[in-house]
Amino acid sequence: MTPQMIMEHINEQFEEGIIVTDVGQHQMWAAQYIELNEKKSYITSGGLGTMGFGLPAAIGSKIANPDKTVICISGDGGIQMNIQEMATSIVQNAPVIICILNNYYLGMVRQMQELWYGKRYEATCLRRRKECPRDCKGPNAACPPYSPDFVKLAESYGAKGIRVTKEEEIAGAFEAAKANQVSTIIEFLIATEEIVLPMVRGGNPMREMILK
Ligand SMILES: Cc1ncc(C[n+]2csc(CCOP(=O)(O)OP(=O)(O)O)c2C)c(N)n1
Ligand SMILES: [Mg+2]
C-alpha cells in the first residue's frame with residue numbers, strides 16, 4: 001500500500017472537510033496529493049516542522065468547526081508526541097479521523113540516512129531493540145513487532161481503531177470512520193522504505209534538488 005493510494009481515497013471520499021497534518025514524509029505526501037477546493041482546507045505547520053502538531057491542531061479545528069469533518073494525517077512517530085490528546089477528543093466530544101501512516105520509522109530522517117549516510121540507520125527505526133544487529137540496513141524477517149498497538153491504544157481511550165494492511169481495505173475503513181461518533185484511528189501499514197521527492201539536502205542550493 002502506497003501513501004499516494006491513501007491520499008487519493010481521502011480526495012474521493014470526503015467532499016468537504018479540514019485536513020490537518022503532522023510532520024514528516026506523510027506531511028509531504030499530503031501536500032503533494034491532497035486536492036483542495038473551497039470546501040476543503042488544509043492546516044499544516046509547514047517548514048516549522050513541529051512534530052506533534054497534527055492531533056491537537058485537528059481537535060482544535062473540530063472544536064471550532066463542529067459541523068465539519070476533520071482528518072488528521074500523521075506518522076507513527078509524530079502521533080506519539082501528543083497521543084494523550086486522544087483523551088481531549090473524547091472528553092470534549094470532538095471526534096476526528098486520525099490516519100496514521102505507519103512505516104515503522106521516523107521516515108523523514110530515515111530517508112536522509114538512506115540517501116546521504118549509507119543507510120546507517122540511527123535512532124530512526126521504531127522497532128529497534130537491543131538485540132538487533134548494529135548495522136541493520138532495513139526491515140527483514142527477524143524484525144520484532146511494532147509497539148504500540150495503535151488499535152488497542154485507540155480503544156483504551158474510548159475511541160475506535162482500525163488497521164488497514166492492504167489497498168482493498170482503505171475504502172471500507174474510511175466508511176466506518178465516517179459513521180463513528182467518536183474519534184477513529186486508522187492505522188495504515190505502508191511501504192517501509194518509501195522516499196518522498198523532490199528534496200534538497202540541508203545546506204545545498206535549490207539547483208541541487210534531488211528529483212529522482
Ligand atoms: C519535535 C520534533 N522532533 C524532531 C523533528 C525532526 N523530524 C522531522 S520529521 C521526523 C520523523 C517523523 O516521523 P513520523 O512521524 O513517523 O513520520 P514519517 O516521516 O515516517 O511519515 C523527525 C524526527 C521534528 N521536526 N520535530
Ligand atoms: Mg513514520
Side-chain angles (χ1 to χ4, degrees), residues 1-10 19-34 42-60 71-86 96-117 119-129 132 136-140 143-151 153-154 161-165 170 173 183 185-204 210:
M1 185 164 44
T2 66
Q4 290 81 356
M5 290 171 188
I6 299 160
M7 303 304 152
E8 279 167 13
H9 274 271
I10 294 175
I19 293 128
V20 184
T21 81
D22 209 81
V23 171
Q25 291 181 312
H26 60 277
Q27 177 190 25
M28 310 300 147
W29 287 311
Q32 290 173 342
Y33 292 96
I34 290 289
Y42 184 71
I43 299 180
T44 182
S45 71
L48 291 175
T50 331
M51 273 177 87
F53 171 88
L55 178 58
I59 294 167
I71 301 159
C72 172
I73 299 173
S74 190
D76 48 322
I79 193 68
Q80 295 190 74
M81 290 204 159
N82 272 320
I83 190 73
Q84 75 283 1
E85 300 305 333
M86 286 297 293
V96 294
I97 299 173
I98 301 137
C99 304
I100 301 179
L101 272 58
N102 192 349
N103 51 13
Y104 306 137
Y105 281 103
L106 299 175
M108 196 75 241
V109 179
R110 186 206 64 76
Q111 172 169 336
M112 297 181 213
Q113 293 171 343
E114 175 180 340
L115 294 176
W116 300 306
Y117 296 94
K119 282 196 166 190
R120 292 203 306 280
Y121 293 147
E122 182 59 45
T124 48
C125 177
L126 298 179
R127 288 190 289 186
R128 190 169 175 84
R129 308 270 164 90
C132 290
C136 176
K137 297 292 180 213
N140 58 72
C143 290
Y146 186 84
S147 169
D149 179 327
F150 285 115
V151 172
L153 191 58
I162 303 169
R163 182 169 295 117
V164 173
T165 59
I170 302 176
S183 285
I185 286 182
I186 311 177
E187 179 195 28
F188 296 93
L189 302 184
I190 61 162
T192 49
E193 293 191 284
E194 194 89 7
I195 62 172
V196 59
L197 295 173
M199 192 186 204
V200 180
R201 186 175 185 170
N204 279 15
I210 298 172

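One-based numbering, in listed order, for ligands and for the atoms of each. Everything numeric here is computed off the predicted structure, so don't read it as measured data.
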TODO: Could you list the atoms of ligand 1 found under 4.0 angstrom from a heavy atom of G24?
DONE: 9 (S), 19 (O)
TODO: Identify, for atom 21 (O) of ligand 1, the protein heavy atom at the shortest distance, and state residue, atom and that distance.
DONE: H26 ND1, 2.8 Å
Task: Exercise: do Q111 and Q25 side chains pair donor with acceptor under 3.5 Å - done: yes
- [ ] Measure from the Mg ion (ligand 2) to each N, O or S atom of N103 and report whether any distance is below 2.8 Å.
- [x] yes
Open item on the list: Test your reading of the structure: does G78 have an N or O sitting under 3.5 Å from an N or O of ligand 1?
Closed with: yes
Task: Residue D76 atom name (nearest to the Mg ion (ligand 2); N/O/S) - done: OD1
Task: Heavy-atom gap D76 to ligand 1 smaller than 4.0 Å - done: yes
TODO: For G49, counting its heavy atoms only, list the atoms of ligand 1 lying under 4.0 Å from any of them.
DONE: 24 (C), 25 (N), 26 (N)
Open item on the list: Quick test of your reading of the structure: of S74, S45, G77, whose heavy atom lies closest to atom 14 (P) of ligand 1?
Closed with: G77
TODO: Would you check if the side chain of S183 reaches a backbone N or O of V96 as a donor-acceptor pair within less than 3.5 Å?
DONE: yes
Open item on the list: In the structure I gave you, are the side-chain heavy atoms of S74 and Q80 within less than 4.5 Å of one another anywhere?
Closed with: no
TODO: With L101 as reference, evaluate I79, L189, I6 under the side chain to side chain contact (heavy atoms under 4.5 Å, CB included) test and give the passing residue.
DONE: I6
TODO: Identify, for atom 13 (O) of ligand 1, the protein heavy atom at the shortest distance, and state residue, atom and that distance.
DONE: L106 CA, 3.4 Å
Open item on the list: Just checking: Y105, one of its N/O/S atoms, less than 2.8 Å away from the Mg ion (ligand 2), yes or no?
Closed with: yes
Open item on the list: So, 4.0 Å and heavy atoms of D22: is ligand 1 close enough to count as a contact?
Closed with: no
Task: Stepwise side-chain contact (heavy atoms from CB on, under 4.5 Å) test for N102 and R163 - done: CA-CA 10 Å; N102 192 349; R163 182 169 295 117; over 6 Å; no
Task: Polar proximity ligand 1 side, W29 side, N/O cut 3.5 Å exclusive - done: no
TODO: Measure across I190 and P3 and return the closest heavy-atom pair with its distance rounded to 0.1 Å.
DONE: CD1-CG, 4.2 Å
Task: Per-atom contacts of ligand 1 with Q25, taking only distances under 4.0 Å to non-hydrogen atoms - done: 18 (P), 19 (O), 21 (O)
Task: Side-chain H-bond candidate by donor/acceptor type, T44 with Q27, under 3.5 Å - done: yes
Open item on the list: Donor-acceptor check, side chain of Y42 to backbone of A31, threshold 3.5 angstrom: yes or no?
Closed with: yes
Task: Minimum heavy-atom distance between V20 and G54, given as atom pair plus value - done: CG1-O, 3.6 Å
Open item on the list: When you compare the side chain of E193 with that of R110, does any pair of heavy atoms fall below 4.5 Å?
Closed with: yes
Task: From M51, R110, E194 - option closest to atom 1 (C) of ligand 1 by heavy atom - done: M51
Open item on the list: With nothing but distance in play, are any N or O atoms of Y105 less than 3.5 Å from an N or O of ligand 1?
Closed with: yes
TODO: Step by step, work out the side-chain contact (heavy atoms from CB on, under 4.5 Å) result for L153 and I185.
DONE: CA-CA 9 Å; L153 191 58; I185 286 182; 5.6 Å; no
Task: ligand 1 N/O within reach of M108 N/O, cut-off under 3.5 Å - done: yes
Task: ligand 1 to G107 polar contact by distance, N or O atoms, under 3.5 Å - done: yes
- [ ] Please report which non-hydrogen protein atom sits nearest to atom 8 (C) of ligand 1, along with the residue it belongs to and the distance in Å to one decimal place.
- [x] V23 CG1, 4.1 Å
